[in-house]
Student: 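One structure coming up, written as C-alpha cells, with questions to follow.
Order of listing sets the numbers, starting from 1, for every ligand and every atom in it.
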Amino acid sequence: MDERRTKRISKYLARHLRHDPARIGVTLDPQGWVGVDELLDAAARDGFRITRAELEHVVATNDKRRYALDGDRDRIRASQGHTVAVDLGLAPVEPPAFLFHGTVGRFLAAIRAEGLKPMARQHVHLSPDRETATRVGARRGRPVILTVDAGTMHRAGHVFHRSENGVWLTAAVPPAFLSFPG
Ligand code: HQG
C-alpha cells in the first residue's frame, strides 16, 4: 500500500479512535475499543472505504504503533493520545529517573508558571529519550526539550503509565519537577 494511503488511513483512525467517534456514529467502549467491523462499516457509510487488509497493514506498520488490535483481532483502539475520556486500563509503572517533553518557545512562559498540563488530551505525554521529544516538539516549530524529574515525581506520589507504544503518561507535571534548557 502506498505511503499516502497509509497516512490517510492512520489520520482517519486517529480522528475517530481518539477524538470524535460520534462523527461517524461509533461508540468506543470505556477502554477505548471499537469493533473492527463496526468501524469499517461506519467508515464506508462516511464515504471512506477501508478494507480489513488495509486496516491490518496500518496497525502493523504504523511508525509509532498508534493502534492496537485485541487478542481476537476483532476490536481496535488507539494506544494513547485520546481527547475523549477512556480508561486504557494501564497499570501504574515506575518511570525512569528522567523523562522528556518536547514543546516550543511560545508555551514556555505558561509552562514555567503552571507546569505541563494535558491540554485537550487525557494525559501529559512524555518521551523516554530526547530524540523522541525533539520529534514531538518539532511538530509545532523549533523544538525545546524539557527534562522531567520523573523519579522524584514518582517518589512524591505521582502516578505514571506507559502506553502500549512506549509513550509515558501522567496527569500533570508541576513546575518544580521541570528543568528548562539554557
Ligand atoms: C503544551 C503526538 C501552555 C505542550 C506526539 C504541547 C505525542 C502547554 C501542547 C502526542 C502547557 C499540547 C502528544 C501549559 C503543556 N501551557 N502549553 N501549561 N502544558 N503545553 O499535542 O505532547 O503523532 O496535546 O507542550 O508524538 O505535543 O498524535 O501534546 O506542545 O506523543 O501519535 O501544549 O501526540 O503523537 O499538545 O503530543 P499535544 P504533545 P501522535
Student: To check you understand the geometry: which heavy-atom pair defines the closest contact between Val26 and Ala42, and what is its length?
Tutor: CG1-CB, 3.4 Å
Student: Extract all donor-acceptor atom pairs below 3.5 Å that involve side chains of residues 143-154 and protein atoms in other chains or at least two apart in sequence.
Tutor:
| unit_1 | atom_1 | unit_2 | atom_2 | d |
| --- | --- | --- | --- | --- |
| Thr147 | OG1 | Arg130 | NH2 | 3.4 |
| Asp149 | OD1 | Thr152 | N | 3.3 |
| Asp149 | OD1 | Thr152 | OG1 | 2.8 |
| Asp149 | OD2 | Thr152 | OG1 | 2.8 |
| Thr152 | OG1 | Arg155 | NH2 | 3.4 |

Student: Under 3.5 Å, sequence neighbours excluded: what are the donor-acceptor pairs made by side chains of residues 110-125?
Tutor:
| unit_1 | atom_1 | unit_2 | atom_2 | d |
| --- | --- | --- | --- | --- |
| Arg121 | NH1 | Gly81 | O | 3.1 |
| Gln122 | NE2 | Thr83 | O | 3.2 |
| His125 | ND1 | Gln80 | NE2 | 3.4 |

Student: Please write down residue, atom name and distance for the protein heavy atom closest to atom 1 (C) of ligand 1.
Tutor: Phe107 CD1, 3.7 Å
Student: Given Gln80, Arg18, Arg66, Arg112, which has its nearest heavy atom closest to atom 23 (O) of ligand 1?
Tutor: Arg66
Student: If you count the atoms of ligand 1 from 1 in the order shown, which ones are under 4.0 Å from a heavy atom of Thr103?
Tutor: 4 (C), 25 (O), 30 (O)
Student: In a check of side chain to side chain donor-acceptor pair (under 3.5 Å) between Ser10 and each of Thr61, Asp63, Asn62, which one passes?
Tutor: Asn62
Student: Could you work out, for atom 11 (C) of ligand 1, the closest of Leu169, Asp63, Leu146, Ile111 by heavy-atom distance?
Tutor: Ile111
Student: Taking distance alone, with no angle check, do Gly115 and ligand 1 share an N/O pair under 3.5 Å?
Tutor: yes
Student: Is Gly137 close enough to touch ligand 1? Criterion: a residue heavy atom under 4.0 Å from a ligand atom.
Tutor: no
Student: Nearest non-hydrogen contact with atom 16 (N) of ligand 1 belongs to which option: Ser127, Ser163, Ala110?
Tutor: Ala110
Student: Centre of Phe48's six-membered ring, under 6.0 Å away, within 45 degrees of the axis: is that where NZ or CZ of Arg5 sits?
Tutor: yes
Student: Please report which non-hydrogen protein atom sits nearest to atom 33 (O) of ligand 1, along with the residue it belongs to and the distance in Å to one decimal place.
Tutor: Met119 CG, 3.4 Å
Student: With no hydrogens and no angle check, do the side chains of Tyr67 and Asn165 hold a donor and an acceptor under 3.5 Å apart?
Tutor: no
Student: Counting heavy atoms only, which of Lys117, Arg139, Arg140, Arg121 comes nearest to atom 19 (N) of ligand 1?
Tutor: Lys117
Student: Report whether Val167 and Phe100 are members of the same hydrophobic cluster (ILVMFWY, side-chain heavy atoms less than 4.5 Å apart, transitive linking).
Tutor: no
Student: For Phe177 and His158, take the angle between the two ring planes, folded into 0 to 90°, and tell me which bin it lands in: parallel under 30, tilted 30 to 60, perpendicular over 60.
Tutor: perpendicular
Student: If you have a sec, work out which protein heavy atom is nearest atom 2 (C) of ligand 1 and how many Å separate them, to one decimal?
Tutor: Lys64 NZ, 3.6 Å
Student: Which residue and non-hydrogen atom of the protein lie closest to atom 14 (C) of ligand 1, and at what distance in Å?
Tutor: Glu114 OE2, 3.6 Å
Student: Can you check which of Gln122, His125, His101, Arg65 brings a heavy atom nearest to atom 31 (O) of ligand 1?
Tutor: His125
